[in-house]
Amino acid sequence: MKDFRNLEVWTRAHALTLSIYRATMTFPADERFGLTSQMRRCSASIGANIAEGCGKRGNGEFQRFLQIASGSASETEYHLLLAYDLGFLNQQAHRELMQQLTPLRRMLTSLIQKVDAERQSSKK
């Protein structure tokens with residue numbers, strides 16, 4: 001079992017979620033159960049899946065939860081674009097959130113590849 005708090009990728013995911021919660025506070029009230037909720041849930045899902053994967057036995061399950069987290073990161077990216085296109089996020093807010101999300105996605109991809117390589121080498 002790994003402690004998710006020791007993973008830089010989780011720390012960044014958590015920071016992104018906090019930033020998205022702050023950014024969505026200014027969204028229109030009629031979006032509370034729409035885009036606001038979606039953005040908060042998919043961004044929180046990134047860190048939650050990393051944490052859940054850390055609590056599972058074996059790298060196979062850990063990798064599966066990292067892949068789910070990666071999917072949630074892609075969903076977050078789309079919702080950030082939608083919020084920007086709808087005018088709920090200005091250019092600077094969108095850029096700042098993307099500057100958090102982009103390296104996080106790269107880190108997730110690298111960690112997935114590392115875990116996969118470890119799994120493959122342990123099968124030999």
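Just so you know, residue 1 is the first one in the sequence shown, and it goes up from there.
Using modelled atom types, no side-chain atom of Ser43 and backbone atom of Thr76 make a donor-acceptor pair closer than 3.5 Å. Listed for the Thr26 side chain is a donor-acceptor partner under 3.5 Å among the backbone atoms of Ala23.
Atoms CD and CG, from Gln67 and Asn49 in turn, are 11.0 Å apart once rounded to the nearest 0.5 Å. Going from atom CG of Leu108 over to atom CZ of Arg12 covers 11.0 Å, rounded to the nearest 0.5 Å. Here the CD1-CH2 distance, from Ile46 to Trp10, works out to 13.0 Å after rounding to the nearest 0.5 Å. Note that CG of Leu82 and CG of Leu89 are 9.5 Å apart. Values are rounded to the nearest 0.5 Å.
For the residue pair Ala13 and Leu104, the shortest heavy atom distance occurs at CA-CD2, 3.8 Å. In terms of heavy-atom proximity, Cys42 sits nearest to Ser72 at O-CB, 3.5 Å. Between Val115 and Asn59 the shortest heavy-atom distance is CG1-O, 3.5 Å. Pairing each heavy atom of Ile20 with each of Met39, the nearest pair is CG2-O, 3.8 Å. When all heavy atoms of Thr24 and Arg40 are compared, the closest pair comes out as OG1-NE, 2.8 Å. Taking every heavy atom of both residues into account, Asn90 and Ala93 meet most closely at OD1-N, 2.7 Å.
When hydrophobic clusters are built by joining Ile, Leu, Val, Met, Phe, Trp and Tyr residues whose side-chain heavy atoms come closer than 4.5 Å, directly or via intermediates, Tyr78 is grouped together with Met98.
Side-chain atoms of Gln92 and Glu96 form a donor-acceptor pair, as typed in the model, at a separation below 3.5 Å.
Ring geometry for Phe88 against Phe27 counts as tilted: the plane angle lies between 30° and 60°, on a 0 to 90° scale.
In this structure Arg105 satisfies the salt bridge (charged side-chain N to carboxylate O under 4.0 Å, His left out) test together with Glu77, sequence neighbours excluded.
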